[in-house]
Every structure is written in C-alpha cells, then in structure tokens.
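The structure appears right after this line, and notes come after that.
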Amino acid sequence: MTLARNVTTVGSATLLSRLLGFLRDMLIAAALGAGALSDAYFAAFALPNLFRRLLAEGALNAAFIPVWLRIRHEEGTEGARRFGESILGLVLLGLGILALIGVAFAPVVIRLLAPGFAPGSERFILAVDYARLAIPYLAIAGVVAVAASTLNAEGRSGATSLGVVAFNVVLIAAVVVLLIWGLAATPAAGVVLASAVVVAGGAQLLFVGGALMRSPWAPHRLRLSVSPDTRLFFALAVPGLIAAGIPQLKLIAGSIVASPSEAAVSWLYYAYRLYELPLGVVSVAIASAIGPAVAASVRAADATTLASAQSRAFETALGLALPAALALGLLAPDIAGLLFERGAFGPHDTMEVAAAIAAICAGLPGHALEKALGAVSFAQEDTRTPMLAALVGLAAAIAGALALFPRFGHIGVAAAIALSGWVGTALLCAVLARRRWLAAEPGLAGRLGRIMLASLAMALVLIGLQWGLAPIPASLVLRILRLAVLVAAGLTTYALALQLLGVTRLATLLAAARERA
C-alpha cells in the first residue's frame, strides 16, 4: 500500500505537470505554428530541455540516493549534509561553466543541433538568439537536481514534483502574455519564450530549494571538496545520467536528421511531447518510488522481497505503458487536433503530428520496460550497463532514422525511435539475466499476459467507438465531447478488464488514492 501511495503521489504530480505542459504546447502551437519560427525555438530549447529532463526531473536519484543513505547511516545527518554541500557546489560550478560556454558559442551549438539550418538563414539566426537566452537555465537545473535528490532520498517527493508543475505554469503565463501583446507568429514571441525558460527554472528552484531549506538536511554552505564519496557519486551519476537522457537524445538525433525539411522538427517535437505523457509518468514513478523500493530490497538481501519489488516494477511499467501506447496511437488524430489545431497550426500539421505519434507509440512499452530494468541495475550500483544498453538503442535510432527519413520523412524518424526502445530493452534484459540479477514472483508471466489481454480489450472498444462516432467533428465542443467519451470508455474498459482478469482490484486502487489524499 505504501508503494502504491508513493507511485500514485509521484505519478499524479507528474501527470499534472505533463497536462500543464500540453496546455503550454497548445498555446505555443497557436503562437508559433509549425514552420521556421517554431523550428528555431525548438532547436534552441533542445539543450535546456535535455538538462531539465536529465537533472531536474529525478534522473540523478539513482546515483545520489544509495550514497546518501549509506553516509547518513554511517555518519549521521551532519555527514549527509556535508556530502550534499559538496555535490551542490561541484554541480553548480560545472554547469555554470558549461552554460557560459554555451552562450558564448551558441552558433556552434545550433550547427550541431540543427545542421539542416543553413548559416545566415532565418531559422539559424533566430535559433542562435533564442539559445543564448535559454541556455543559462542549465546552472539552475543542476541546483534543482541536487535538492530534489536529497528530498527524494528521504521520501519527500511532493515538492520535487510540484516544482516541475511550477516550471510549466510560468511558461504558460509567458505564452499568455505574448498572445495578449499581439506577438504571435513574430520573432519576438521566441524571445519571450526563451527568456521565460530561465524564469521558470527560478520558480522551480523556489519550490524544491525552499522545501530543502526547511528540512534537517539543508545545506549551510557550498563546498568544492572532492572526497571518495563524491568521486563515487560522479562515477555512478555520469553513466546513469547518460542512460536517463537517451530518450531525449533520440529526439535530438531525430531532429538533426529531419532538420533539412521545414516543419519536420516541429512535427516531431509536438508528437514527442504527447509520447512523453505516459513515458514521463512511468519514468518518474520508477525513479522516485519503485527505484528506491528495489534498492531497499537489494540491501535487505531477501530473495522474496527482491522478487516482489522487481515484479511490481515490471507490472507497473507494462500496466501503464501498453494501454497508453494503444490508446495514444488510436486517438492520435483526435488528440493532436484538439490540442494544437488553432491559430498558426493547421489541419495538415495535425495529420503529420498524428502520423508521427502513431509510429512512435509502438516503442512505449519497450522504453518503459527499459526504465524498470534500469532500476534493477541501479539497485546493484551498476549504472554502466544501462548506459551501454541505452547507447546501443540510441545508435539503433540514429541508424534507423538515417535509413527511413529519405523515404518516409519525419514518420520514419518516429518509427526508428520506437524500434530503439525494444533494442535497448532486449539487450539490458539479456545482460541482467546472465548475471542472475533478475528475480520474479511465481505467476508474473501470467499477470503480464493478463495485462496484455486487458489492453487489447480496451483497444477493441476504442476501435468500435471510433467507427461508431466517425467522422471527427469540426466543432471544438463536439471534439472535446468525442475525445472525453473515448478516453472514459478506454479507462473504464481497462480497469474493469484488470479486475475481471484478476490482475488487481479496483478497491485496492481507490484505497491507494484515498491514502495518498
């Protein structure tokens, strides 16, 4: 019940953040559309967004939490505080220098991120200007990451998740302001949005840093000392962060391949944003709730507890990702049209985004299972193996994108990203099984099979309802009503199927929600 409550808490806050992110992107789509202006903004936003995903949304936990817990056990609160102060000082110094370099060499950064932007073109010039405004966020992301990891180590994940919510609220406010000022579809809109990234990071820091300063582990000073524990942390963190950042790197790599085609970068961005809703919920839940449980089971050296924790991780990953992939793929035209089709974003853009969504969703269960397998490896203090498996997946995504883009355009890039998730999962599973690190409760395979059947039942219901409700209406109200009916029917069907098949009971889920509240 405690694990269910933690997953529900983190997942709910992450879901709220993703929904606010969609509201933000709805407004950005109306303000920038899909073309040269939006391509420039998304290229400039790629690096800050990468570091936000890597640092400020929980990916540092896997390296930080085991070391923090050991130091607190051996040296008490004061020793843990000193460790946190050292990590905070070194991370701030390193990322501060990196941000300065990024601002100074912004043209080089854009050439690397969007080689299809011709030097001197409108897209290139705007992207350089926007990058210089947004890149300072990197230093803020580092501070937020260390503070969030400290709070998560002690089971206080609420402020961390709400900090991400605050980030999106500030960006939404910025878009509303530029729309009110009549700056939509102008280069000034990108200036406002790029500047707002840093302001949003400050709001995120207020939530997370404020919660840390009220805790017993609040830092008293910044340290730059390099102790054996700090060296161990960075030795664990670097490969772990690389592994955690691979999904975002896949999008960046795909955008690099697609950058010669105008609007393709924007179409991929919008599609990936929808894809990130279920992936983000699964990833953050595993990092903040399931990951610590798996790590604790390893430290307890109890085979039964270990098998139970790993089984819950795999069931959670597949139980969230598979129905989400099927539903998102089937409802892609409805969702993309409702969210983005207004202002500078037209019906053609909707269909291009929907096609990319349908292609990329095939990889969602693979990416989710890769996260769960990564948590198993992290619990053994091995961050290198997930990194290598993820890098193989990244190589598969790049190779697939290069092969498919000439014929299938941005849809081929999306399909390559989907395939890469299964490549990384298969490799990681094979390595962990060979090391005998995988454990499962009796009947796990049957439960996973019943989750697949429940997902299939949901998909069949959605297909039938789509046929009965076709075509998609032009009216906004009717579109909202149609999508609400489809989503409600899908959720109800899946929940009932889970209960009928004996996977879980609705009463258990409701009890976890009540306990969280």
Side-chain angles (χ1 to χ4, degrees), residues 48 50-103 135-157 159-160 163-164 167 198 201-245 287-288 291-292 295 299 378 381 383-384 387:
L50 170 63
F51 276 78
R52 182 168 70 95
R53 299 288 188 216
L54 284 179
L55 297 172
E57 295 192 4
L60 208 65
N61 289 346
F64 188 91
I65 289 177
V67 180
W68 168 274
L69 292 177
R70 176 178 58 78
I71 294 174
R72 192 193 62 177
H73 176 73
E74 296 175 354
E75 304 178 25
T77 300
E78 189 59 34
R81 178 187 292 113
R82 288 195 301 269
F83 171 73
E85 290 170 346
S86 297
I87 299 302
L88 183 62
L90 292 169
V91 167
L92 180 59
L93 176 64
L95 291 179
I97 293 173
L98 183 62
L100 291 174
I101 294 174
V103 171
I135 283 177
Y137 170 75
L138 271 58
I140 300 175
V143 177
V144 170
V146 177
S149 296
T150 305
L151 293 172
N152 286 331
E154 295 298 330
R156 300 177 58 183
S157 57
T160 302
V164 183
F167 183 93
V198 177
Q204 189 175 10
L205 180 58
L206 285 177
F207 270 88
V208 181
L212 178 62
M213 295 307 295
R214 294 190 299 270
S215 74
W217 316 281
H220 295 165
R221 50 173 290 193
L222 294 179
R223 300 175 184 268
L224 297 177
S225 59
V226 182
S227 66
D229 286 325
T230 57
R231 288 195 294 270
L232 173 62
F233 164 77
F234 284 109
L236 294 173
V238 171
L241 287 172
I242 292 175
S288 300
R299 291 179 65 88
F378 293 152
E381 296 192 0
T383 56
R384 184 171 178 269
M387 177 193 70

If I take atom [atom1] from residue [X] and atom [atom2] from residue [Y], how far apart are they, to the nearest 0.5 angstrom?
X   : Y   : atom1 : atom2 : result
L92 : I97 : CG    : CD1   : 9.5 Å
L93 : L88 : CG    : CG    : 11.0 Å
R72 : E78 : CZ    : CD    : 14.5 Å

Which of parallel (below 30°), tilted (30 to 60°) and perpendicular (above 60°) describes F83 and F233?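 It falls in the perpendicular class, over 60°.
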Quick one: does [X]'s side chain get under 4.5 Å of [Y]'s, heavy atoms only?
X    : Y    : value
L232 : R70  : yes
L100 : V103 : no
I135 : F51  : no

Which heavy atom of [X] sits nearest to which heavy atom of [Y], and what is that distance?
X    : Y    : answer
V198 : I140 : O-CD1, 3.7 Å
A211 : L151 : CB-CD1, 3.8 Å
L212 : P219 : CD2-CD, 3.8 Å
A99  : L138 : CB-CB, 4.3 Å
V67  : D229 : CG1-O, 4.3 Å

Just by modelled atom types, is the S227 backbone N or O under 3.5 Å from a matching donor or acceptor in the T230 side chain?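 Yes.
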Do side-chain atoms of R223 reach the backbone of G89 as a donor and acceptor pair under 3.5 angstrom?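 Checking the backbone N and O of G89 against the side chain of R223, no donor-acceptor pair under 3.5 Å is found.
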Does the salt bridge (Lys or Arg N to Asp or Glu O under 4.0 Å) test come out yes or no for E85 and R82, once each step is laid out? CA-CA 5 Å; E85 290 170 346; R82 288 195 301 269; over 6 Å; no
Are V91 and V143 close enough, and set up right, to give a side-chain contact (heavy atoms from CB on, under 4.5 Å), and what steps lead you there? CA-CA 7 Å; V91 167; V143 177; over 6 Å; no
